[in-house]
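To start, the structure itself, in structure tokens.
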Amino acid sequence: MLSPDYFYEVSFLDALNAAQRQAVEATEGPVMIVAGPGSGKTRVLTYRIAYLLHQGVDAFRILALTFTNKAAREMRERVEQLCGSEARNLYIGTFHSVFARLLRAHAQRLGFPPEFVIYDTDDSRSLLKSIIKQMALSDTLYKPATVHNRISAAKNSLIGPEDYLRDVNLMADDAAAGRPRMGDLYAEYVMRCFKAGAMDFDDLLYRMHQLLTKFPDVLSRYQYHFRYILIDEFQDTNPAQYVIVRKLADVHQNICVVGDDAQSIYSFRGATLENMLHFERDYPERRLFKLEQNYRSTRHIVRAANRLISHNKLQLTKEIWTENAEGEPIRLLSALSDNDEGKMVVDALFEEKMHAHRRNRDFAILYRTHAQSRAFEEHLRRVNLPYVVYGGVAFYQRKEVKDLLAYLRLAVNPYDEESLRRVINYPARGIGETSLEKALVAAQEHQLRLWEVLERCNTYLPGNRSNAAINEFISKIKGFRLIAQQQNAFEAATHIARSSGLLQELYADKSVEGVHRYENVQELLNGIKEYTDLQLAPGAEAAPHVTADGEVLELTSPAGTLAAYLQEITLLTDQDRDDEQSDRVLLMTIHSAKGLEFPCVFVVGLEENLFPSLLSQNSREELEEERRLFYVAVTRAQQKLFLSHAAARYRYGELQYNEPSRFLREVDDSLLQRLHQRMPRARPQPEAFTPASQPLTGKPYVHQPSPDFVPDDYEHITEGMAVEHPRFGFGKVERIEGKSRDRIATIAFQAPVGAKRIMLRYARLRIVREESLGKSTG
DNA sequence: ATAAGTCATTTTTTT
DNA sequence: AATGACTTAT
């Protein structure tokens, strides 16, 4: 069995410690790896795959599932570094993307077209909104988001609409909440998605499970195919994911899950720690490996993390340790107000940068909610430190991008109701709400799809004034459909963008924002071109769709077509786009910091009611999840950790006073070193706070109304004026449209924000003298 | 049809 | 404080 070169070949395992190596070499049978933060979890996963390949396992028999595209890409790249191009044939992807592929191959079994569309959250909610309206329910009681969450939770627990309506407990819950029709909404929603040939994100799991349950031949095919299954971030899986994976692993039983119960922070989207407990129950013979040595952080930080997490009752016993240096004590910053916190944090950051000669990107400022970023942005701008805030409006969520995608989606699948409604009157072609309303009613009445009604609008909507426009629209889309079938993705998309009138509409808008939108659409088209060229390039590598023995694993649309492109793109998100490696301070929520690490970390806003959140203090479970969130935040730090809190802050426009977070007490006092003794005895008076717009002079701010300070008075802002916005910085008003409070100003802001269009109502703009523009940048 | 006024909402996020 | 959704007035 062992080749003569065995020892040479596996010498790469020398890069691992004993525990890691054991976990890598235990390839057969069920395995659970509990991996603490910074313990080399990704390393173990990649080496495990590399080791399997070295053992002669065919790459396409290995299935590795992750939560994010980024994690999947990283894993593939790292295996490729170890094993070369063989890594390309690995089945690595997110749960959603892998399942989407498998579902495409067998969609017809479930009555779906192979080119089914995937509804994102917006699509789902907009569909629900229309259903709620149609069923004449109050949309304050049945908010689309609430209903969607409920449906999503049901699907993630593999509860279908019939089960839901039959479930006494669920029905009682809904009745108690005053929403007795929830089950009916669920059923109608599922039916509408089905008719539209659409699956939402949760369907990719729910329908996958259905496929495997209803069709034993499909199940056994994949059961035999995937010899080794690996799952990353197991603590974040939901019941549906776990059940599916168990089914797939049932023949070979080579299932390896890697996770850390102490880092489970996604219960609000269905993840359950119980999966980790169930794993032990379901696989009694499973082998357990614990990776507890931390290579990331100083002893101070590791000790603080352990202290903190020991307050949680619900946990598998595990204590991380490290051989790293003691490091410096954790610093505590106590600020008077949110603005003060911004100043103290930025000052400390600046000092640390100068003192230890660090780069900007060595710093991360982590907060509980997005709204907290403002104060830090303001002060970072003031000291000229470049920064980037994670989590703005996603590219693929932008209106203009979604509009074009809707046209493309329609060309592939005209039954897609959400896309149809999105573009039927955009650009305006005289098909108003009334016609659409009528068509929807007719569709309901005749049990037809919206598209089918419109196709024969003369029959179903006799005498409707806009029938001519509808017919024209329908034949246009049919034309697009032909083109999508005959030409490649880029040609088809360009044609559709032009001949739908979308491009012209955007081109006509010469405002700064309009130009941006036009550019965004162009960028989307460029992306499509890139994709097409790559797919159709001579000698393009075969995607891992075909196994070595020639078996086609799944059929997808022909490469390079619009249909194929849409399949690839739907599951991409912003974080998968331009991964700018520029030297900037990073600002983000703790949730999005998971999986990352930084030399210096600031965890800010450590106040009761904010972190832990007010809404998380109802039950012990929720509080423990907040604590795990703090644990995640603390363990992002490699060398220096700063914690900060403010005595008072504005929330929802009101001044609130909060006690320091209980989490600060839970980290041993001896580990904390106060940077400045500033905790006030008495509550500060609101007047004492630094206002949002502090003069640049650095002199203490004196609160007195000045003639050039007009916070709310939009009438005073005129074109050509130099202004300062507390968040976006300095800029020049280029253009003003509209009247009164709906006036919109186009303001060319200086870097890093760039030109930006903002509503002036309530906007806190400060008029500044022209010369301050030159000397202040962000 | 457009402008102006009212009201409700407000965690975290991936796919 | 800041928005988005919705309603009322002209």
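Proteins come first, then strands; the chains are lettered A, B, ... in the order of their sequence lines, and each starts at number 1.
Across all strands shown, Phe268(A) has heavy atoms under 4.0 Å from base atoms, whether or not it also approaches the sugar-phosphate. Here Tyr266(A) lies in heavy-atom contact (under 4.0 Å) with sugar-phosphate atoms only.
Here the C1' atom of nucleotide dT12(B) and the CD atom of Gln263(A) are 16 Å apart, to the nearest Å. Between the CZ atom of Phe95(A) and the P atom of dT13(B) there is a distance of 21 Å, given to the nearest Å. With rounding to whole Å, Leu623(A) atom CG is found 18 Å from dT12(B) atom P.
Between dC6(C) and Lys129(A), a contact under 4.0 Å exists linking OP1 or OP2 to a side-chain N or O. Of the side-chain N and O atoms in Ser97(A), none sit less than 4.0 angstrom from OP1 or OP2 of dT15(B). Remark: Asn69(A) is in phosphate contact with dT15(B), judged by side-chain N or O atoms under 4.0 Å from OP1 or OP2. Note on His370(A): a side-chain N or O is less than 4.0 Å away from OP1 or OP2 of dT13(B).
The cationic group of Arg104(A) lies under 6.0 Å from the six-membered ring centre of Phe116(A) and within 45° of the ring axis, placing it in a cation-pi geometry.
Of the listed residues (Lys129(A), Arg421(A), Arg409(A), Arg422(A)), just one forms a salt bridge (charged side-chain N to carboxylate O under 4.0 Å, His left out) with Asp123(A), and that residue is Arg409(A).
Comparing atom distances between the Lys143(A) side chain and each of dT9(B), dT12(B), dT13(B) picks out dT9(B) as nearest. The side chain of Arg368(A) sits closest to dT11(B) out of dT13(B), dT15(B), dT11(B).
At a cut-off of 3.5 Å, with distance as the only test, a side-chain donor of Asn339(A) or Arg374(A) sits close to an acceptor on the other residue.
Side-chain atoms of Ser592(A) stay outside donor-acceptor range of the base of dT12(B), with no qualifying N/O pair under 3.5 Å.
Checked against the 6.0 Å centroid threshold, Phe234(A) and Tyr242(A) count as a close aromatic pair.
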